[in-house]
Amino acid sequence: MAKVAKKTARGRAAPKLAKVGPGELLTLLDYVRYGVSRFVEAKLAFAHGTTDPVAEAAFLVSEALHLNPEQFEAFANARVTAAEGKTILDLIHRRVTTRKPAAYLVNKIYMRGLPFYVDERVIVPRSFIGELLDSHFGGEEGAGALIDDPTAVERVLDLCTGSGCLAILAAYHFPNAAVDAVDISKGALEVAARNVSEHGLEERVSLHRGDLFAPLGDARYDLIITNPPYVDADGMAALPPECRAEPKLAFDGGADGLDVVRRILADAPDHLTPNGGLICEIGRGRDLVDEAFPELPLLWLDTEDSEGEVFWIAAADLG
């Protein structure tokens, strides 16, 4: 009887990876090079904490060897044991054959140098807001600061918190603030609770299940952070397999991508202090947002890797 080729979850024949003989790959760099070649060959998509095949391969090699990413360079030319090599090759193989984000394969992602647990219950964190907290909210010498004194912030809200990473980063950045984090997904909040616990922030970060502001009553905040679903219908249809492995709820922003954003902007004035403000990530939908809200003086913020994908608006300008 003829053998039936193994299939992937979507019914395609699983890609065959080049075989590796004993002693052919020796160092961490050797395994990174092999991973890069396989990832490029398989035409993988990268948008989940790493932006290219080199960074992705280095991330997987480091995680397989229990190394912090910052330690990679120090050990780049170190040799890998046979057992460690097998673990690395297995991760590379799974990344190619399953097309799952690398973060799901190792249940970890780093934001601003901090580790967070992730699994398929949450979108893989990759928000630009973490960087903006450092650069625009009481940054070095207050340059470009939207909030001059982080210690004066008393209450912060993270809407659509997912894994809780932005709520946790906010708790670190605003040391005197109580942080509320909201998500509609029970599974996402389970992941967030694990991260809050692992960072020892149970006394400062409170998790709430519900639809946007619904579970918060009349609470008001000095800062609202949100990275809501903002992918439009065309974008949803064109998502790569890696993104289809993530919760659809975390992406789907309706026909034009702005369904959730409209609701947040409509209700935010009732939940901001007079001197507060809202920071919202919208991806590449700036033109749509500007067209939909021409009356709002939105301040578009840039990061090292993005331009005009996050906006800020002060409470006074929301009405």
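Because only heavy atoms are used, hydrogens play no part in the values below, and waters and symmetry mates are left out as well, while side chains stay in. Note that this is a predicted model, so its numbers are computed, not measured.
Ring orientation note: the planes of Phe46 and Phe39 are tilted relative to one another, at an angle of 30° to 60°.
Within a 6.0 Å sphere centred on CG of Asp305, other residues, nucleotides and ligands contribute more than 12 heavy atoms.
The stretch residues 226-238 participates, sequence neighbours left out, in no side chain to side chain donor-acceptor pair (under 3.5 Å) pair at all. Note on residues 271-289: pairs passing salt bridge (charged side-chain N to carboxylate O under 4.0 Å, His left out), not counting sequence neighbours, are Arg286-Asp290.
Outside the 6.0 Å centre-distance limit, the rings of His271 and Tyr221 are not counted as a close aromatic pair. When ring centroids are compared, His48 and Tyr104 stay outside the 6.0 Å threshold.
Side-chain polar atoms of Thr27 and Asn77 form no donor-acceptor pair below 3.5 angstrom.
Tested against Pro228, the residues Asp259, Ile282, Ile264 include a single side-chain contact (heavy atoms from CB on, under 4.5 Å) partner, Ile264. Considering Leu298, Ile313, Leu159 in turn, Ile313 is the only one that fulfils the side-chain contact (heavy atoms from CB on, under 4.5 Å) rule with Leu278.
Between the side chain of Asn107 and the backbone N or O of Val118, at least one donor-acceptor pair lies under 3.5 Å.
Look at Glu84 and Arg79 and you find no salt bridge, because none of the NZ, NE, NH1 or NH2 atoms lies under 4.0 Å from a carboxylate O.
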Would you please test Val310 and Thr303 for side chain to side chain contact (heavy atoms under 4.5 Å, CB included) and show each step?
CA-CA 9 Å; Val310 181; Thr303 70; 5.6 Å; no
